[in-house]
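Encoded as structure tokens, here's the structure I'll be asking about.
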Amino acid sequence: MNLRILEPNLASYPAAAKEFRWDQEWKALLGPSLSESVNLAELSTARAVRSGLSEQRAVRFVGAGGSRTDWTYGELHAKSLRAASGLRTFGIKKGDRVFSLLGRTPEFLLGILGTLWNGAVFAPLYSSFGPEPIRTRMELGRAKAILTTTDAYRKKIAPIRAMVPSLETVILTDASYEEARALRAISWSMLLDEGRAKFESEPTRLDDPALLHFTSGTTGMPKGVLHAHSAAVLHFTSGRLALDFHPGDVFWCTADPGWVTGISYGVFSPLLNGVTSILDEGPFDPIRWYKILQEEAVNVWYTSPTAIRMLMREGTELAAKHDLSSLRLIASVGEPLNAEAVLWGKEAFQMAILDNWWQTETGGILISNFRSVPVKPGSMGVPMPGIEAAIVERLPDGSVREVRSPLVKGERAIRPGWPSMFRGYLGDDDRYRSRFRDGFYLTGDLAMRDQDGYFWFLGRADDLIKSAGHLIGPFEVERVLMEHPAVWEAAVIGKPDPVSKEIVKGFVALKKGIQENDSLRIEILAHARKRLGPAIAPKEIAFLPEIPHTRSGKVMRRLLRARELGLPEGDLSTLEGGP
């Protein structure tokens, strides 16, 4: 079967949007006997076995050195139960928080499934975090256990272990019994040896907490975002509709497990849809990535705008050297994908790259481009069936009002009630309540909706620039700067000005081989002024070797602002390549 030419699951967007019902999606996921007892691990493994997929490959692990390890759904189910039993033997029970400092490894996958089988809460962290951000998050999350490697333990956990009084259990994935005992830890092999093949799972209900994700947001302070087992149905549905999963598909999500995408779509969505998932342990490398796409015959590829732009830097020649004929869909998430990158996909892969939007708080894709819907390059697309999205304006009294006219700038908002909606910020109920107002969840994103219902990202409300009476969203400026043929990437901030209150200052990273100089700076400023007009265009341009990003690919405008104004830089734990 040629999986590239399969008809989209979402054949007609208007019909799907009109007829969609979440109860029908639950029936498709759970079967006719709907129940309040739902567990993400059970749905991800046991359901596939019951459905006759026991012998189908569930996951292929690609080691950093190129090794391949395959597990079928039957093997994954059995191994996850043994891991769950071992965790229970060592004291993990319902409601406990199990943290992870692991990358995309077999132990990571079994750790998350084993944790959820026990009704405990899984909290992934970036494996590259240093001791201080780990301590901050484990204290906030009251970590009971952590999964990590021996080297990471010695360098990162041992120095702060005494500062986290809730931490009772350290599980080392690469240590022998004796090595682990010497470090007051448990070896992964011992945990599996203690586990039993038969395991009675801990019953969990729809609203029981399952996942704890940490996000720094624009303030730089980590927030603990809680998600429940009910998120399963959005992971299932968005995989089928937005990512267009079909039986027999090979899917590759490149996201790190420390980022919510690496959990929602790196783990659960492909398993819930019964497809084969690639978990690659290695770092980004253009040649390696193209080899994986070719050798694994990947059908659906989910990655970040930063990764796409890094591949663009290599040109289309590298892509042309590989057989990518299996690819049917490429999707992107993390930071809006500029129009040039969308169109580059047509040149390099013979298909547009489909951008989509969601947040740590939403738990899954809420707005997306779809295979069956015309792509408008630079737009994040249209709402998922079953999702009601709007543009709202904040009124002086603090209330919000929906803006129905097209092309009006405002804050993107979502009607609450979608299944993967977050259930709280850990220890901060006031912050959680503040995100809901007058029947909407307020995303904090500036956007506009065009006459065809497509949403366009303009920036974060926190990043809004107020210049001479104009409200300027940074992304609309950055998008134009990146249209200049010399510019690889751009970011803009508001810089204080005694006359205009703020002026727009741009930071640009140039393409390979292009040298910065004053003539080029003037040329870029003129390009932006011509495209945007004098009120919105940057007044200043600075060249940088790289634009700072978070590990999930978001531009760190707050860091640029802090450095420009000499302010404290705050928490840099999520900075790509940072501490």
Checking side-chain contact (heavy atoms from CB on, under 4.5 Å) for the pair Asp452/Lys376: CA distance, chi angles, key distance, verdict? CA-CA 10 Å; Asp452 299 317; Lys376 292 188 178 185; 2.6 Å; yes
Could you walk me through whether His246 and Glu7 satisfy the side chain to side chain donor-acceptor pair (under 3.5 Å) test, starting with their C-alpha distance in whole Å, then the side-chain angles of each, then the deciding distance to 0.1 Å, before giving a yes or no? CA-CA 10 Å; His246 283 71; Glu7 289 298 314; over 6 Å; no
Centre-to-centre under 6.0 Å for Phe422 and Tyr441, is that the case here? yes
For the ring pair Phe349 and Trp344, is the centre-to-centre distance below 6.0 Å? yes
With no hydrogens and no angle check, is any side-chain donor or acceptor of Ser264 less than 3.5 Å from a backbone partner on Thr261? no
Is the shortest side-chain heavy-atom distance between Arg309 and Asn338 below 4.5 Å? yes
For residues Ser230 and Pro419, report the shortest heavy-atom separation together with the two atoms involved. OG-O, 3.0 Å
For Lys511, I'd like to know if atom NZ has over 12 heavy atoms of other residues, nucleotides or ligands within 6.0 Å. yes
Met448 versus Phe457: any side-chain heavy-atom pair under 4.5 Å? no
Using the rule given for salt bridge (Lys or Arg N to Asp or Glu O under 4.0 Å), can you reason through Asp438 versus Arg401, listing the C-alpha separation, both sets of side-chain angles and the distance that settles it, and then say yes or no? CA-CA 8 Å; Asp438 299 323; Arg401 178 174 60 196; over 6 Å; no
CE on Met384 to CH2 on Trp357, rounded to 0.5 Å: 12.5 Å
Is a salt bridge present between Arg328 and Asp249, judged by a nitrogen-to-oxygen distance below 4.0 Å? yes
Expected output: side-chain His213 to main-chain Leu226 donor-acceptor under 3.5 Å: no
Heavy-atom check, side chain of Ile547 versus side chain of Phe507, under 4.5 Å: yes
Once you round to the nearest 0.5 Å, how far does CD1 of Ile414 lie from OG1 of Thr443? 6.5 Å
Just do the side-chain contact (heavy atoms from CB on, under 4.5 Å) check on Leu272 and Leu29 with the steps written out, would you? CA-CA 8 Å; Leu272 291 166; Leu29 181 61; 4.2 Å; yes
Heavy-atom nearest pair, Pro548 first then Leu559, reads CB-CD2, 3.9 Å
Please find the pair of heavy atoms, one from Glu347 and one from Gln350, that lie closest to each other, and give the distance. O-NE2, 3.3 Å
Quick test of your reading of the model: are Asp208 and Arg205 salt-bridged, counting only N-O distances below 4.0 Å? no
Taking 4.0 angstrom as the limit, do Lys223 and Glu361 come out as a salt bridge? yes
Side chains of Leu241 and Pro385: does their closest heavy-atom pair fall under 4.5 Å? yes
Check the surroundings of atom CZ in Arg561: do more than 12 heavy atoms from other residues, nucleotides or ligands lie under 6.0 Å from it? yes
If I take atom CH2 from residue Trp301 and atom CD1 from residue Ile278, how far apart are they, to the nearest 0.5 angstrom? 13.5 Å
Out of Phe236, Trp358, Phe251, which residue meets the ring-ring contact (aromatic ring centres under 6.0 Å, His included) rule with Tyr265? Trp358
So that I can tick it off, tell me whether Glu564 and Lys495 are bridged by a salt bridge, with the cut-off set at under 4.0 angstrom between side-chain N and carboxylate O. yes
May I ask you to say whether Arg104 pairs ionically with Asp280, meaning some side-chain N is under 4.0 Å from a carboxylate O? no
Is there a side-chain contact between Val477 and Val480, using heavy atoms and a 4.5 Å cut-off? no
Please walk me through it: do Phe370 and Leu329 pass side-chain contact (heavy atoms from CB on, under 4.5 Å)? CA-CA 9 Å; Phe370 299 90; Leu329 183 146; over 6 Å; no
Sidechain N-carboxylate O distance under 4.0 Å for Asp497, Lys539: no
Verdict with supporting geometry, Tyr432 and Arg423, side chain to side chain donor-acceptor pair (under 3.5 Å): CA-CA 8 Å; Tyr432 181 71; Arg423 303 310 171 95; 6.0 Å; no
Answer whether the closest heavy-atom distance between the side chains of Val400 and Phe440 falls below 4.5 Å. yes
Would you say the side chain of Arg313 lies within less than 4.5 Å of the side chain of Met310, judging by non-hydrogen atoms? no
Side-chain donor or acceptor of Arg97 paired with backbone N/O of Gly141 under 3.5 Å: yes
Any donor-acceptor pair under 3.5 Å linking the side chain of Asp355 with the backbone of Leu337? yes
Short side-chain to backbone donor-acceptor contact, Arg412 and Ala390, under 3.5 Å: no
Which heavy atom in Ala490 sits nearest to a heavy atom in Val508, and how many Å separate them? CB-CG1, 4.0 Å
Quick one, Val342 with Val375, criterion side-chain contact (heavy atoms from CB on, under 4.5 Å). Give me CA distance, side-chain angles, the key distance, then yes/no. CA-CA 9 Å; Val342 175; Val375 174; 4.0 Å; yes
Can you tell me how far apart CZ (Phe455) and OG (Ser379) are? Round to the nearest 0.5 Å. 9.0 Å
Please check this pair: side chain of Thr362 against backbone of Gly364, looking for a donor-acceptor N/O pair closer than 3.5 Å. yes
Does some side-chain heavy atom of Tyr126 sit less than 4.5 Å from a side-chain heavy atom of Pro133? no
In Å, rounded to the nearest 0.5 Å, how long is the span from NZ of Lys409 to CG of Leu458? 6.5 Å
Measuring centre to centre across the rings, with the benzene-like ring taken for any Trp, is Trp252 within less than 6.0 Å of Trp289? yes
Heavy-atom donor-acceptor pair, Arg435 side chain to Leu442 backbone, under 3.5 Å: yes
How far apart are the C-alpha atoms of Arg240 and Ser269, what are their side-chain angles, what is the distance that settles it, and do they pass the side chain to side chain donor-acceptor pair (under 3.5 Å) test? CA-CA 9 Å; Arg240 194 179 76 258; Ser269 187; over 6 Å; no
For Phe214 and Ala123, work out which heavy atoms get closest and say how close. CE1-CB, 4.5 Å
Give a yes or no on whether the backbone of Phe245 and the side-chain of Asn273 come within a donor-acceptor separation of less than 3.5 Å. no
Can you tell whether the side chains of Glu402 and Arg404 come within less than 4.0 Å, N to carboxylate O? yes
Reported CZ-to-CG distance for the pair Arg371 and Asp244, which is rounded to 0.5 angstrom: 4.5 Å
His235 side chain vs Leu271 backbone, donor-acceptor pair below 3.5 Å: no
Closest heavy-atom pair and its distance - Leu40, Ala210: CD1-CB, 4.2 Å
Is any side-chain N of the basic residue among Arg557 and Glu335 closer than 4.0 Å to the acidic one's carboxylate O? yes
